[in-house]
Amino acid sequence: MIYSGDEMKDVIYIIVSLFSTLIGSISGMGGGVIMKPIFDMLGDYSAFQISVLTSSTVFAMSAVSVGMSTKKFKQEKEKSKTIFCVASGSLVGGLIGDFIFNFLVKSLNDNSVKAVQNAVLLILVIAVIIYMNSKNRKSLERNNNLVGIPVGLMLGIISAFLGIGGGPINVAVLIFVFGFEIKTAVICSLSSVLFCQFMKLISIVFNHGAQAFNMKILIFVVIAGVIGALCGRIINRKLSDKAVNGVYTAVQVIVIAMCFVNIYRSIFA
């Protein structure tokens, strides 16, 4: 069977989605933070189209993950109010983040938008590495549930603007502000991502109409992303903590390298 050039490109994007979410789930980084810079490097889609692809995939992944984590949500009754406040803040943050993204798309050329996104992602990933690997890591341990609203707002803005979901960034911020255990932080992060990306997709429909999703590759990328995430969770449970940490560190280094490459290409293209 002979495939055309466009069909081969579609296959590549599907493989990237599957690979990104697989590795993201194994490492705990999340698929979006890997998928976004790779899609930028491939360079076949605009910043807006990539945002639609990654946001749709991240939303589907978070919806499946939340659905599979109902028992864990019930076990976190003490933190439920904080989780709810973070998720509520993320709803508004998703709208604001998408507004900022659309403003840049209208104000700058496509390469400049990608450069800004990759620069922000680069700074955030480096900050997460420094904090999570700090020997004297401290947290504010705020007990006021309402603090979750501005925290969720900030996480929602970042997630919607970059279209990455949030992954390690959300978890690091939640640990820093509330002193959450890692499992609680992951549950709270999932809620934030789900609400934020939902509002971002609603905003896309409202501002651009359903035709914004009229990419034949979209449904396949989303399905591949969900499959990759589910398989990654299964593999994660079978690996030792040392192996998972090794994958986590390697992914961080790769993401940083890809961000540098994308920034360079966007500026000097």
Side-chain angles (χ1 to χ4, degrees), residues 23-34 58 61-62 65-66 69 71-90 93-94 97 120-162 164-197 229 232-233 236-237 239-253 255-256:
I23 299 300
S25 292
I26 292 173
S27 65
M29 286 281 287
V33 74
I34 305 171
V58 167
M61 288 166 49
S62 61
S65 296
V66 168
S69 304
K71 290 184 179 180
K72 291 183 180 179
F73 276 97
K74 292 178 180 178
Q75 294 171 358
E76 297 293 342
K77 290 182 179 179
E78 293 182 4
K79 306 294 184 182
S80 60
K81 291 183 179 179
T82 303
I83 294 173
F84 176 77
C85 288
V86 171
S88 299
S90 297
V120 172
L121 179 59
L122 174 65
I123 293 170
L124 291 174
V125 171
I126 291 176
V128 167
I129 291 175
I130 294 173
Y131 175 70
M132 295 299 285
N133 290 282
S134 174
K135 294 182 179 180
N136 299 313
R137 189 173 73 195
K138 298 180 180 179
S139 65
L140 301 178
E141 297 190 13
R142 299 297 184 189
N143 296 318
N144 188 340
N145 294 325
L146 293 179
V147 174
I149 295 177
V151 170
L153 180 71
M154 178 188 68
L155 295 179
I157 291 173
I158 294 172
S159 179
F161 173 66
L162 296 178
I164 62 170
I169 299 166
N170 287 9
V171 171
V173 170
L174 293 167
I175 291 174
F176 172 70
V177 176
F178 300 107
F180 282 167
E181 295 293 331
I182 184 69
K183 291 184 179 180
T184 304
V186 169
I187 290 173
C188 191
S189 175
L190 284 172
S191 302
S192 172
V193 171
L194 180 64
F195 279 63
C196 164
Q197 295 301 328
R233 287 186 62 179
N236 174 276
R237 292 169 184 168
L239 294 178
S240 66
D241 288 343
K242 184 177 181 180
V244 172
N245 288 332
V247 177
Y248 180 79
T249 301
V251 171
Q252 287 177 321
V253 173
V255 169
I256 289 174

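The first residue in the sequence is number 1, and the count goes up from there. In this text, all values refer to a predicted model and were calculated from it rather than measured experimentally.
Residues Leu155 and Cys196 form no side-chain contact, since every pair of their non-hydrogen atoms from C-beta on lies 4.5 Å or further apart.
In this structure, Val125 and Val33 approach most closely via the heavy-atom pair CG2-CG2, 4.4 Å. Closest of all the heavy-atom pairs between Met61 and Gly31 is CE-N, 3.9 Å. When all heavy atoms of Ile175 and Ser139 are compared, the pair lying nearest together is O-CB, 3.1 Å. When every heavy atom of Phe176 is checked against every heavy atom of Tyr131, the shortest pair comes out as CA-OH, 3.3 Å. Shortest non-hydrogen contact noted between Gln197 and Ala160 is NE2-N, 4.1 Å.
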Go through Leu162 and Leu124 one step at a time and tell me if the side chain to side chain contact (heavy atoms under 4.5 Å, CB included) criterion holds. CA-CA 11 Å; Leu162 296 178; Leu124 291 174; 4.1 Å; yes
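In this structure, Gln252 CD and Ile34 CD1 are separated by 10.5 Å, a value rounded to the nearest 0.5 Å. Here the OG-CD1 distance, from Ser192 to Ile169, works out to 11.0 Å after rounding to the nearest 0.5 Å. Between Asn170 atom CG and Leu190 atom CG the span is 9.0 Å, to the nearest 0.5 Å. Atom CD1 of Ile256 is separated from atom CD1 of Ile123 by 11.5 Å, given to the nearest 0.5 angstrom. Within the model, atoms CE of Met132 and CD1 of Ile129 stand 11.0 Å from one another, a figure rounded to the nearest 0.5 Å. To the nearest 0.5 angstrom, Ile126 atom CD1 is 9.5 Å from Leu121 atom CG.
Under a 3.5 Å cut-off, the side chain of Ser134 and the backbone N or O of Ile130 do not form any donor-acceptor pair. In this structure, Ser62 contributes its side chain and Val58 its backbone to a donor-acceptor pair below 3.5 Å. Remark: the backbone N or O of Gly152 is paired with a side-chain donor or acceptor of Ser90 at under 3.5 angstrom. Although no hydrogens or angles enter the test, the distance criterion places a donor-acceptor pair under 3.5 Å between the side chain of Ser88 and the main chain of Phe84.
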